[in-house]
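Heads up, the thing below is written out as structure tokens.
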Amino acid sequence: MFGSNKKKKIEEESLENILKEVDKESNVRVLTGFKKHLMTGLLVAFALYVFWMTLLGNPPEQVRRASFLGALIFIGFLLYPMNRKDAQKENVIPWYDWVLAFVGAAPFFYYVLFFEEIVGKAVNISPLEVYMAILGVLLLAEICRRVVGFPILVVAAGFILYAFSQGHSVRRIAHQLFYTTDGILGTPLGVAATFIVLFIILGSFLEKTGIGTFFVDMANSIAGGASGGPAKVAVISSALEGMYSGSSVANTVGSGSVTIPIMKSIGYKSEFAAAVEAAASTGGQIMPPIMGAAAFLMAEMTGISYTTIAVAAILPALLYFTGIFMMIHLEAKKLGLKGLPKESIPNFFKLILKKGYLFLPIITLVVLMGQGRTPAYSAIYAILTAIIVSMFHKDTRLTPSSFIDALAGGSRNTMGVAIACAVAGIIVGMVTLTGLGQDLLNGLLVVAGTSKFLALFLTMVSCIILGMGVPTTANYVIMATITAPIVVSMGVPVLAAHMFVFYFGIVADITPPVALAAYAGSAIAKSDPFKTGVQATRLAITAFIIPYIFVYNPQMLFIETNALEVIAITITSLLGVYGLSAAMEGFIKTELKVWERLLMAAAGLLLIDPNLLTDTLGILVIGGILFQQTRGTDKEKKVVREAI
């Protein structure tokens with residue numbers, strides 16, 4: 001017993017080290033005793049402040065955002081070490097981090113205290129207020145370096161330097177960045193302070209109720225016994241968990257710690273096992289209804305209702321996960337892999353009867369949002385539902401300790417998203433001030449000429465580069481500000497344009513050379529990180545194709561279509577994904593020849609494009625190759641029978 005507990009503790013510490021290595025947001029101080037209680041108290045107080053502000057507070061929006069960010073910066077300097085050397089010191093908060101905590105929060109609370117006076121001055125802010133703005137920006141950058149990392153800072157710094165190169169003064173830039181709602185305190189931070197924080201707290205409560213384990217068990221009951229069952233379980237459970245977790249890396253480590261070793265144990269190669277988990281966990285961010293909270297940010301930035309966005313995301317997400325599922329299945333058939341033993345697989349119906357109530361918070365959220373309630377209202381009621389349903393069984397019941405942990409965990413998990421959204425506000429502010437967006441659009445159109453496809457391709461490359469190492473929500477903000485207007489200018493519907501850039505920002509998590517989710521999976525699988533990233537990209541191939549399809553044919557997002565077209569598009573697109581998967585794996589019932597793989601890939605692409613001619617050609621090609629494969633296996637069986 002003692003040995004098993006010790007082994008479990010070592011495994012947990014190993015996972016924590018992987019997260020700290022790959023995910024900056026997880027690299028928190030190790031605190032004990034009074035300091036641990038103090039930090040927990042600060043985090044719980046922050047969560048309660050968010051609830052109070054949402055339910056009862058009615059301050060000006062700038063005051064809400066400034067106080068929200070100021071509190072997070074104060075906590076952030078106490079929670080996140082300056083460097084790895086500091087991180088190794090247990091229960092130590094250096095004196096300079098206490099100073100930085102107070103100094104970093106001061107400019108934001110100064111704005112709160114003197115809000116009306118500062119607003120009345122417009123751009124004629126005093127020298128003191130300029131210095132306060134500069135101090136606020138610099139210390140926001142430092143906490144971003146600690147919590148999120150350098151990539152987003154490099155981008156933000158480039159935009160500030162561009163503003164200076166266009167002749168804008170320090171005073172003008174300081175005012176734009178710090179004292180308007182077009183900068184740090186802009187829409188991204190506003191959405192984080194109003195909606196996203198509540199959904200992150202909801203995710204923390206769902207975690208405490210054991211819904212993650214329930215998702216794994218449910219996936220096991222559905223696919224555990226199939227060929228290559230553990231990999232299919234990983235796809236289903238990671239899609240469900242990633243929907244609300246908001247972090248591809250955390251999801252990869254959390255569920256991958258269970259699924260990756262099992263996948264390896266039945267015969268999958270290390271790189272493939274890690275890639276499956278990384279690709280599925282990354283896909284969780286595009287999984288409706290929550291989409292890692294990006295759906296609510298997209299609704300705010302586009303003016304399109306949440307319900308419309310969530311519905312539009314259904315078919316692309318279905319195609320994404322079907323593609324991964326198909327490749328896993330074909331890989332298992334190719335290698336002759338079996339599923340898990342029958343006795344280790346839970347009964348689906350018994351499991352639903354026993355723990356199906358854990359779905360109620362998500363159902364509550366979807367129903368309320370569908371009725372037109374605000375995201376904040378819906379999230380709070382979903383949190384209350386999570387607390388209530390946890391009482392149904394002793395294994396899921398929230399104790400006072402786990403309740404506090406859920407509040408503190410939600411506040412801590414908010415840190416990276418909110419800080420990244422604030423820094424993304426710098427980019428938004430500089431684009432607004434300089435008119436850079438129009439310049440970028442003109443430059444891209446000059447390079448692409450009259451080719452819409454080339455313009456989309458260059459936009460895709462920009463999204464992947466800008467999305468490397470950036471959290472999902474901030475990633476989308478950057479894409480929506482810089483690249484989405486470019487796609488809209490090509491005559492693409494707003495929703496399709498925003499979904500296009502969102503998808504390609506997301507896949508940066510599995511696209512080498514950065515590929516944080518793939519690297520996290522490789523650390524667990526002990527595989528080659530780069531090869532894992534390549535495998536994950538291959539598994540997620542549909543994510544690189546589908547956005548082009550819904551840009552050229554917005555019906556895939558249920559834009560200007562009808563029920564019959566939706567059914568037809570769904571069927572043909574699924575057949576197309578099957579064709580692509582078979583081409584990538586090079587196997588159906590037997591090995592595919594090179595020409596067969598090329599034809600299957602072409603047919604898959606034709607079928608994903610909703611069009612009568614392309615659909616007909618695609619079906620004929622795939623049907624022909626399947627017939628050829630069937631004949632081939634029949635001949636093999638006949639030879640075997642004759643030999644016997």
Side-chain angles (χ1 to χ4, degrees), residues 22 151 231 234-235 238-239 242 247-249 251-253 256 259-260 263 268-287 316-317 319-331 334 456-470 472 475 479 500-525 527-549 576-587 597-598 600-601 604-605 608:
V22 180
V235 173
S238 296
S247 170
S248 305
V249 176
N251 191 18
T252 300
V253 173
T259 59
I260 290 173
M263 280 189 267
Y268 282 113
K269 293 179 181 177
S270 297
E271 282 83 9
F272 191 86
V276 166
E277 183 57 54
S281 295
T282 299
Q285 311 300 296
I286 60 173
M287 183 75 177
L319 296 177
Y320 178 87
F321 286 107
T322 300
I324 298 174
F325 211 83
M326 289 284 187
M327 278 193 259
I328 287 168
H329 177 74
L330 294 172
E331 179 81 5
K334 184 165 64 176
L456 288 171
F457 179 79
L458 293 173
T459 303
M460 175 194 77
V461 173
S462 302
C463 290
I464 293 173
I465 293 171
L466 291 171
M468 288 179 178
V470 179
T472 301
N475 179 343
M479 302 305 109
F500 181 90
V501 301
F502 176 57
Y503 260 64
F504 285 120
I506 292 298
V507 296
D509 275 348
I510 53 172
T511 307
V514 179
L516 293 182
Y519 284 16
S522 72
I524 297 170
S527 61
D528 181 275
F530 186 81
K531 288 181 180 178
T532 301
V534 171
Q535 279 278 22
T537 303
R538 186 177 71 88
L539 286 168
I541 189 66
T542 50
F544 292 86
I545 296 168
I546 291 168
Y548 286 95
I549 305 301
V577 167
Y578 174 75
L580 275 174
S581 302
M584 296 301 292
E585 281 298 320
F587 185 90
R597 294 181 72 170
L598 292 172
M600 286 295 278
L605 292 172
I608 292 176

Testing the basics here: between [X] and [Y], what is the closest heavy-atom pair and its distance to 0.1 Å?
X: Arg597; Y: Gly586; value: NE-CA, 3.4 Å
X: Ala518; Y: Gly533; value: CB-CA, 3.7 Å
X: Tyr268; Y: Ala231; value: CE1-CB, 3.6 Å
X: Val276; Y: Ala234; value: CG1-CB, 4.3 Å
X: Ala520; Y: Val253; value: CB-CG2, 3.8 Å
X: Ala536; Y: Ala279; value: O-CB, 4.1 Å

Ile286/Tyr320 under side-chain contact (heavy atoms from CB on, under 4.5 Å): CA gap, chis, key distance, verdict:
CA-CA 9 Å; Ile286 60 173; Tyr320 178 87; 3.9 Å; yes
By salt bridge (Lys or Arg N to Asp or Glu O under 4.0 Å), which residues pair with Lys334, not counting sequence neighbours?
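Checked Lys334 against salt bridge (Lys or Arg N to Asp or Glu O under 4.0 Å); matches are Glu331, Glu585.
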Which residues satisfy the side-chain contact (heavy atoms from CB on, under 4.5 Å) test with [X], sequence neighbours excluded?
X: Pro512; answer: Phe530, Val534, Thr537
X: Ile541; answer: Met327, Ile545, Met584
X: Ala525; answer: Ile260, Lys264, Ser270, Ala274, Ser527

Straight-line distance of [X] [atom1] to [Y] [atom2], nearest 0.5 Å:
X: Asp509; Y: Leu516; atom1: CG; atom2: CG; value: 6.0 Å
X: Ile328; Y: Phe321; atom1: CD1; atom2: CZ; value: 10.5 Å
X: Leu580; Y: Met326; atom1: CG; atom2: CE; value: 11.0 Å
X: Thr542; Y: Leu319; atom1: OG1; atom2: CG; value: 7.0 Å

Under the side chain to side chain donor-acceptor pair (under 3.5 Å) test, residues paired with Ser522 that sit two or more places apart:
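Checked Ser522 against side chain to side chain donor-acceptor pair (under 3.5 Å); zero matches.
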How about [X] and [Y]: do any of their side-chain heavy atoms sit closer than 4.5 Å?
X: Thr532; Y: Tyr519; answer: no
X: Tyr503; Y: Phe544; answer: no
X: Phe272; Y: Leu539; answer: yes

N/O donor-acceptor pair under 3.5 Å between Glu271 side chain and Asp528 backbone
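Side chain of Glu271 to backbone of Asp528, a donor-acceptor pair under 3.5 Å: yes, one is there.
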Could you list the donor-acceptor pairs under 3.5 angstrom formed between side-chain atoms of residues 458-465 and any protein atom two or more places apart in sequence or on another chain?
| unit_1 | atom_1 | unit_2 | atom_2 | d |
| --- | --- | --- | --- | --- |
| Thr459 | OG1 | Ala455 | O | 2.8 |
| Ser462 | OG | Leu458 | O | 2.9 |

Quick check: Phe500 with Tyr548 (ring centres under 6.0 Å apart)?
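Yes; Phe500 has its ring centre under 6.0 Å from that of Tyr548.
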Testing the 3.5 Å rule here: is there a donor-acceptor pair between the side chains of Thr252 and Glu277?
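Side chains of Thr252 and Glu277: no pair found under 3.5 Å.
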